[in-house]
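Throughout, numbering of the chain's residues begins at 1 and tracks the sequence. Both counts, for ligands and for their atoms, begin at 1 and track the order of listing. Predicted model, so just to flag it, every value in this text is computed and none were measured.
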Amino acid sequence: MKIETDCSVLKDIGVENPSHASWDTDVLIVGSGAAGLRAALAASASANVTLITKTTLKESNTFYAQGGIAVAMNVDDTVALHVRDTCTAGCGLCDIRAVETMVSEGIPRVGELLDWGANFDWEGTLPRFTQEAAHSRRRIVHKGDATGRETTDVLVQRVLNTERIRILPNAFAVDLLTDANAPSRHDKHTCYGVTAIVEDELVCIRAKATILATGGLGRIYPCTSNPQVATGDGFAAAWRAGCEMIDMEFVQFHPTTLYLEGAPNFLISEAVRGEGGQLLNIRGERFMEKYHEKGELAPRDVVSRAIQNEMRLTGFPCVYLDITHKPANFILERFPTISDTTKRYGLDIRVDLIPVRPGAHFMMGGIRTNTDTETNLQGLYAGGEVACTGVHGANRLASNSLLECLVYGARAGTNAAVYAASQAPFHPPDGQRFSTNIGTSPELSAVGTASPSTEAAKNAIRETLWKNVGIERSSEGLQQALAQLQKIGADLGIHPYLPLSLHTTDSAFCETVNMLNVALMITQSALARMESRGAHYRADFPEQDDTDWQCRVLLTGDNSPQVIEL
Ligand code: SIN
């Protein structure tokens, strides 16, 4: 391996400028949600850490998480019960070891968050546990409806107080640095860091170990609970670098995102239904009993499809969530963020119904990892939403995502630091500019550049996915989507699976390519799974088929999905 003695690693990703700023680190973490922050804290116990993030340290899906953190700490709760509920929600596809690890290690991870000052709601000597759908116990610790903000604040403060963690905001990670001279993209078997756009320049950040904690991809759909940064960048970069991707057909749609003229995408937490909120159609009829015995607290996919059906039946673009029967003080105290946000748009949730409809919320699939967070690239680890240990199966249980981030973020940090310690120092050393002299690869002519059509392409991807790769899918619709996505790629002048680096330092263009990459992965995986399970619903195969489909869809090098046994 040449990496210790030269920079030929850059050749493989097509860097053609003669010199680039670079810096080196033991452990590089990409992403600053709960998984990235927790990984940084764990890795910094024994390694120098660089944490880069797309915008600011706090801008992530974690920050906007409302519901809470599921943890088996209540007096009537057990690890076994939480494991059972998680696996039931996952519809037979959960990796039981990954679930047991998350649920059991989640208890000390949440415990230390409390020790570090997390000011969750409290009742007597215990956190005030709330109820969410498909949990058999009240086990959600929370801070009103702003649990993500509280969790972020605690972790960020700790990261800022840790000397060994260097933070680089506004750094858009473009591609992974992988071995040079590999004959094909899937022979690249070691990761050495990333290329990133920083202040409109390309930089190379070399790392002995790299952790992807880039979060989700909700923004590839027009309706979503996710913030603007969630465009699937980590999934796409990993895929282009040869990572195995798994379970990509399973996108969770949250039943209740705000639907108000002029208001931004905004989640109305499931906790509103957990506290007794009722769903009504435009005729004022409560409808969930028709669809599931658990009513409003049925699994998210069931509630989302039911809402979509009511919207279809009534010809109205939303349904309503009603919490007005609860005492006004309770509503304000329990849901301050939702109250404040809706108030800005003229809605008082103490007396008004909340207009809602489903939106893309969470990706169950991602970069395939084991419970040590290792990927198939040596030196590359992944944690949180971008990773897939199999902990969520075909559908994630409410409030298990922050738990996953804390547990697998910490694991990624620890394991990456151990790996980094076993690696030789970089050459040339830190801080130097270094040269590459690599000529042009024929592949690179296939890479396009930024253009005014970028925004239009993003919207076309979103519309395509919403129409045919959303809550309900079918073979015909998925085939149409595939053709449309391929055409969008051709119009952009890109080859979807080649490294993006580096004909552009336009992050909007990179985002567009990333969105297209993940859209293709989801569509191909959804076409492959010819049954309905969890969040993946095929109108042409409406039943769960445990005879032929209790297995997982894996995307590897040749772009054709493979089906693998559990
Ligand atoms: C919510 O508050 O409804 C979201 C919680 C989650 O996705 O786990």
Side-chain angles (χ1 to χ4, degrees), residues 33-35 60-71 82 85-86 89-90 99 102-103 106 110 120-121 128-135 137-152 215-218 221 223-227 230 250-258 265-277 279 294 296-304 307 321 323 331 334-339 341-342 349 354 356-364 384-385 391-408 534-535:
S60 68
N61 262 340
T62 296
F63 185 83
Y64 296 96
Q66 294 179 6
I69 310 177
V71 63
H82 190 178
D85 292 347
T86 300
V99 177
M102 176 182 75
V103 170
V110 171
F120 294 144
D121 293 355
R128 189 163 144 206
F129 296 99
T130 194
Q131 181 74 54
E132 283 183 342
H135 286 275
R137 294 289 184 277
R138 291 182 80 90
R139 64 164 69 96
I140 320 297
V141 295
H142 58 94
K143 163 83 177 166
D145 58 359
T147 312
R149 181 179 310 187
E150 180 67 13
T151 304
T152 304
L217 49 68
Y221 289 89
C223 302
T224 176
S225 60
N226 290 191
F250 296 117
V251 180
Q252 184 177 81
F253 291 84
H254 195 289
T256 56
T257 62
L258 184 64
N265 286 311
F266 180 70
L267 181 72
I268 305 295
S269 176
E270 182 157 308
V272 177
R273 282 174 286 130
E275 298 289 0
L279 286 165
K294 290 194 172 147
E296 277 81 359
L297 292 182
R300 285 183 182 171
D301 60 297
V302 176
V303 184
S304 290
I307 291 175
L321 185 56
I323 187 77
I331 294 173
R334 182 67 184 83
F335 302 114
T337 312
I338 298 174
S339 306
T341 306
T342 48
I349 67 169
I354 313 169
V356 290
R357 66 176 180 181
H361 184 57
F362 186 84
M363 170 45 106
M364 268 72 71
E385 189 170 348
V391 83
H392 305 303
N395 215 353
R396 174 172 68 74
L397 190 62
S399 290
N400 266 355
S401 58
L402 290 181
L403 190 70
E404 175 192 26
C405 289
L406 295 175
V407 170
Y408 285 106

Within 4.0 Å of some non-hydrogen atom of E270, the atoms of ligand 1 are 1 (C), 2 (O), 3 (O)
Looking only at protein heavy atoms, what sits closest to atom 8 (O) of ligand 1 is S399 N, 2.5 Å
*Can you tell me if N400 and T86 form a side-chain donor-acceptor pair at under 3.5 Å?*
yes
With nothing but distance in play, are any N or O atoms of S401 less than 3.5 Å from an N or O of ligand 1? no
The salt bridge (Lys or Arg N to Asp or Glu O under 4.0 Å) partners of R149 (sequence neighbours excluded) come to none
Per-atom filter on ligand 1: closer than 4.0 angstrom to a heavy atom of A398 are 8 (O)
- Message: Do the side chains of R137 and D85 get close enough for a salt bridge, i.e. N-O under 4.0 angstrom?
- Response: no
So the atoms of ligand 1 within less than 4.0 Å of a heavy atom of H254 turn out to be 1 (C), 3 (O), 4 (C)
Q. Would one find an N or O of L397, backbone or side chain, under 3.5 Å from an N or O of ligand 1?
A. no
### Message
Within the structure, is a non-hydrogen atom of H142 found at a distance of less than 4.0 Å from ligand 1?
### Response
no
of all protein heavy atoms, closest to atom 7 (O) of ligand 1 is H361 NE2, 2.6 Å
Short N or O distance, S269 and ligand 1, threshold 3.5 Å exclusive
yes
### Message
For F253 together with Y221, are the ring centres under 6.0 Å from each other?
### Response
yes
Nearest non-hydrogen contact to atom 4 (C) of ligand 1 from the set R273, Q252, R300, R396 belongs to R300
Value for OG (S304) from CD (Q252), rounded to nearest 0.5 Å, stands at 7.5 Å
Going by the 4.0 angstrom heavy-atom rule, the piece of L267 near ligand 1 is side chain
Keeping T256 on the side-chain end and I268 on the backbone end, is there a donor-acceptor pair under 3.5 Å?
yes
**Prompt:** So, are R273 and E132 salt-bridged, with charged N and O less than 4.0 Å apart?
**Reply:** no
Sequence neighbours excluded, the answer for ring-ring contact (aromatic ring centres under 6.0 Å, His included) partners of H392 is F362
